[in-house]
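Data block below; observations after.
No hydrogens, no waters, no symmetry mates; every other heavy atom, side chains included, goes into these values.
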Amino acid sequence: MEESFWKQAHASRQEAAQQRREDKQRAEKERMMNEDDTEKQRRWEDKLHKKEMKKRNPAYKMKQLKARA
């Protein structure tokens with residue numbers, strides 16, 4: 001009984017944290033799209049793309065490192 005309570009509490013905290021992250025990302029994207037400086041927008045988009053690529057390919061990097069060893 002107690003264990004299920006802790007699992008439920010943890011799940012609800014995770015959902016709330018995920019919602020906060022999404023809201024923060026949405027607000028930053030909206031702020032950048034309203035920005036007048038196109039160079040600043042381009043740098044932000046480059047940074048976002050780099051972050052997505054890094055998130056997408058960590059396993060590939062580890063495989064390369066293991067193959068070299």
Side-chain angles (χ1 to χ4, degrees):
M1 179 74 178
E2 185 177 335
E3 184 177 339
S4 65
F5 168 76
W6 288 113
K7 285 183 180 181
Q8 182 66 27
H10 178 68
S12 66
R13 284 194 304 272
Q14 277 185 319
E15 290 173 8
Q18 180 65 29
Q19 187 64 40
R20 283 192 303 271
R21 281 192 295 273
E22 289 173 359
D23 290 344
K24 186 177 175 183
Q25 288 174 346
R26 190 176 307 112
E28 184 178 359
K29 181 176 181 179
E30 187 175 319
R31 183 177 58 85
M32 289 308 295
M33 292 301 141
N34 291 335
E35 185 69 36
D36 292 333
D37 187 6
T38 57
E39 183 64 23
K40 196 172 189 179
Q41 285 181 345
R42 186 189 63 77
R43 285 193 312 260
W44 178 77
E45 288 173 354
D46 288 345
K47 185 178 91 170
L48 186 63
H49 182 261
K50 185 177 178 182
K51 188 176 185 179
E52 288 174 0
M53 293 305 290
K54 187 175 181 181
K55 189 187 299 184
R56 205 173 290 174
N57 289 329
Y60 179 70
K61 287 182 180 178
M62 290 304 292
K63 288 179 184 176
Q64 279 186 331
L65 290 174
K66 287 180 181 179
R68 288 182 184 174

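Remark: Arg43 CZ to Leu48 CG distance equals 14.5 Å, nearest 0.5 Å.
Residues Arg42 and Glu39 are paired through a salt bridge, judged by an N-O separation under 4.0 Å between the basic side chain and the carboxylate. Using a cut-off of 4.0 Å between Lys/Arg side-chain N and Asp/Glu carboxylate O, Arg26 and Glu30 are scored as not salt-bridged.
Of the options Gln8, Arg13, Lys7, a side-chain contact (heavy atoms from CB on, under 4.5 Å) to His10 is made by Arg13 and by none of the others.
Glu28 has its side chain within reach of Arg31: a pair of non-hydrogen atoms, C-beta onward, lies under 4.5 Å apart. Considering only heavy atoms from C-beta on, Lys29 stays 4.5 Å or farther from Gln25 through its side chain.
Using modelled atom types and a 3.5 Å distance limit, the side chains of Gln41 and Asp37 yield no donor-acceptor pair. Using modelled atom types, one finds no donor on one side chain facing an acceptor on the other under 3.5 Å when comparing Trp44 with Glu35. One side chain, Glu22 or Gln18, offers a donor N or O that lies under 3.5 Å from an acceptor on the other.
Around the CD atom of Glu3, the shell of radius 6.0 Å holds no more than 12 heavy atoms that belong to other residues, nucleotides or ligands.
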